[in-house]
Amino acid sequence: MPTKKQKTNQYNNFGNILKTSLCLLAGVTTQVSAAGYDIWLYPIAKQAEAPHWRLGEPIRVSDRPGYDNQAAFGFDGKQLVFASDRAGDHNDIYGFDIKTGAITALTHTPEISEYSPQLTSQGLTYVAEQGVPHQSIWRQSLHDKARPERAVNSLIPAGYYARLEGVGTLIWARYGYNLYYEGDGESADERHFVVSDAGRSLHALPNIRQFSYLKKRMDGERLVTLFDPGSGSHTPLIDLGQGSEDYAWSSDGWLFNLEGTVLRCWPYAPLAGADKNITETPQQHLSGWQAVTKLNPPTPHHQSPSRIAISPTLDFIAITWQRKDTPQ
């Protein structure tokens, strides 16, 4: 385990890498350009009859020109974390308290942008954009002022990731669209290659100790696929068809996806009822996607839904909406 001094050196290296990269990129203007997204929460309820899920009226998390995106629920369902540029020409991570509606800055790094936040019982993790080609996964505590530390040992530039606590991390390589797996205590490199042509939507499924990813095949199919880090096996589940490449899991085994403005779902039977703390509802063995509802923009200045996330307590679904003023 790294000592406190070693952790401090690691974080200092983080800043040194950034400064070196900025020098190498002198004369090149860089800024956060993916503006024009807002996050809205929808109460969600499960029901026995089709379409099995019902959405309530949307609740605003953000509604402003700018970038509020990549929403993820905390492990207890009480908080939503997301990436935002509201502090300037960089992204920080913010937390939204679902009970009070309060928004709190969880990071403040004017020279570094953070993305892809996840909040677990072990703390906050995110991807820190440290310059080209360096980009990695970092972790920080929300309970003390300890400096952030690397959450993985790998030097593979990470764009997205999913982590099984106590098992390991699945890493989506930013420049290659390949997946690599780093078991806890290891350091992923080319020997830890998992699969090529993978989409960015990665998920950890702790009930079965596996990951899911999107495999993009040469024939055009885009298959949500399971990866078992123990056996190294891959199990294709269902094709996304014309749906978005982003998808989300409920904690009781339902897969959600957007096809245009239609929210749809599909149940994966082996995960159904795995969480005994959640009221079980009989579900059909559906062979394909089933429409839940057609989504209407929450305001006149929103046009299309994109990323989604499901609360682990099945109370809410977070939907990111693209604004009409989004640069194309």
Side-chain angles (χ1 to χ4, degrees), residues 32-45 53 55-108 113-120 124-127 142 160 162 200-203 243-251 256-258 260-263 292-327:
V32 176
S33 60
Y37 292 90
D38 290 313
I39 301 166
W40 293 73
L41 280 181
Y42 294 73
I44 192 170
W53 296 90
L55 270 63
E57 293 300 311
I59 301 167
R60 182 186 63 202
V61 174
S62 66
D63 184 5
R64 66 180 190 90
Y67 183 86
D68 293 313
N69 205 337
Q70 299 186 330
F73 286 93
F75 66 98
D76 58 4
K78 296 180 180 180
Q79 191 174 19
L80 193 74
V81 292
F82 60 97
S84 175
D85 66 355
R86 61 186 58 208
D89 290 334
H90 68 284
N91 277 352
D92 285 313
I93 304 302
Y94 288 79
F96 174 82
D97 187 296
I98 294 174
K99 184 177 181 180
T100 67
I103 294 178
T104 304
L106 303 180
T107 67
H108 180 63
S113 282
E114 292 103 7
Y115 299 89
S116 306
Q118 294 182 18
L119 183 59
T120 73
L124 176 70
T125 58
Y126 47 79
V127 170
L142 297 181
Y160 300 92
R200 67 189 182 187
S201 192
L202 309 179
H203 298 270
S244 164
E245 75 168 285
D246 295 299
Y247 62 91
W249 287 95
S250 71
S251 56
F256 288 80
N257 181 247
L258 288 163
T261 59
V262 175
L263 178 67
V292 174
T293 188
K294 181 177 175 62
L295 297 169
N296 295 313
T299 77
H301 50 263
H302 291 99
Q303 60 180 346
S304 58
S306 57
R307 295 176 176 175
I308 56 177
I310 312 293
S311 166
T313 51
L314 303 183
D315 297 325
F316 295 98
I317 179 172
I319 300 179
T320 298
W321 282 87
Q322 184 180 27
R323 297 175 64 90
K324 290 181 179 179
D325 53 8
T326 301

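All heavy atoms count here, side chains included; hydrogens, waters and symmetry mates do not. Numbers here are sequence positions counted from 1.
One finds no salt bridge joining Lys78 and Asp97 here, because no Lys/Arg side-chain nitrogen approaches an Asp/Glu carboxylate oxygen to under 4.0 Å.
A donor-acceptor pair is defined here as one N or O able to donate and one able to accept, closer than 3.5 Å; such a pair exists between the side chain of Tyr247 and the backbone of Ser201. Without hydrogens or angle criteria, Lys294 side chain to Leu263 main chain gives no donor-acceptor distance under 3.5 Å. Using a distance-only test at 3.5 Å, with no hydrogens or angles considered, a donor-acceptor pair links the side chain of Ser311 to the main chain of Thr313. With hydrogens and angles ignored, the 3.5 Å screen pairs no side-chain donor or acceptor of Ser306 with any backbone N or O of Trp321. Judged purely by atom type and a 3.5 angstrom limit, Gln118 has no side-chain atom pairing as donor or acceptor with the backbone of Ala162. For Asn257 (side chain) and Asp246 (main-chain N/O), a donor-acceptor pair under 3.5 Å exists by modelled atom type. Of the possible donor and acceptor atoms, one in the side chain of Asp85 sits under 3.5 Å from a partner among the backbone N and O of Tyr67. Distance alone, capped at 3.5 Å, places no donor-acceptor pair between the Ser116 side chain and the Tyr160 backbone.
Contact check for Arg307 versus Arg200: side-chain heavy atoms found under the 4.5 Å cut-off. With contacts defined as side-chain heavy-atom distances shorter than 4.5 Å, the pair Leu314/Ser250 qualifies. Between His302 and Asp63, some side-chain heavy-atom pair lies under the 4.5 Å cut-off. Considering only heavy atoms from C-beta on, Ile308 comes within 4.5 Å of Phe256 through its side chain. Counting only heavy atoms from C-beta outward, the side chains of Ile103 and Ser62 never approach each other to under 4.5 Å. Contact annotation: the side chain of Ile44 approaches that of Trp53 to within less than 4.5 Å [non-hydrogen atoms, C-beta and beyond]. Using a 4.5 Å heavy-atom threshold, the side chains of Ile93 and Leu124 count as touching. Residues Ile310 and Trp249 form no side-chain contact, since every pair of their non-hydrogen atoms from C-beta on lies 4.5 Å or further apart.
For the residue pair Pro300 and Lys324, the shortest heavy atom distance occurs at O-NZ, 2.8 Å. The minimum heavy-atom distance between Gln79 and Gly95, with the atom names listed, is NE2-CA, 3.5 Å. Of all heavy-atom pairs between Asp92 and Ala87, the closest is OD2-CB, 3.8 Å. The shortest heavy-atom contact between Ala309 and Ala72 is CB-CA, 4.5 Å. Here the closest heavy-atom approach between residue Trp40 and residue Pro58 is recorded as CE3-CB, 3.9 Å. Listed here is the closest heavy atom pair of Ala318 and Ile39: CB-CG2, 4.5 Å.
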**Message:** Could you go through Asp38 and Arg323, starting from their C-alpha distance and side-chain angles, then the distance that decides it, and tell me whether this counts as salt bridge (Lys or Arg N to Asp or Glu O under 4.0 Å)?
**Reply:** CA-CA 7 Å; Asp38 290 313; Arg323 297 175 64 90; 2.6 Å; yes
**Request:** Would you sort out whether Leu106 and Tyr94 count as a side chain to side chain contact (heavy atoms under 4.5 Å, CB included), showing the intermediate values?
**Result:** CA-CA 5 Å; Leu106 303 180; Tyr94 288 79; 5.7 Å; no
**Prompt:** What do the steps show when you test Asp68 against Val61 for side chain to side chain contact (heavy atoms under 4.5 Å, CB included), and what is the final call?
**Reply:** CA-CA 9 Å; Asp68 293 313; Val61 174; over 6 Å; no
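Around CZ of Arg64, the count of heavy atoms belonging to other residues, nucleotides or ligands within 6.0 Å exceeds 12.
For the residue pair Ser304 / Gln322, a side-chain donor-acceptor distance below 3.5 Å is found, with atom types taken as modelled. A donor-acceptor contact closer than 3.5 angstrom is absent between the side chains of Asn91 and Ser113.
Thr125 contributes atom OG1, which lies 8.0 Å from atom CG of Leu119 (distance to the nearest 0.5 angstrom). Here CG of Leu41 is found 9.5 Å from CD1 of Ile319. Values are rounded to the nearest 0.5 Å. The distance from atom CZ of Phe75 to atom OG1 of Thr120, rounded to the nearest 0.5 Å, is 7.5 Å. From Phe96, atom CZ reaches atom CZ of Phe82 across 8.0 Å, with rounding to the nearest 0.5 Å.
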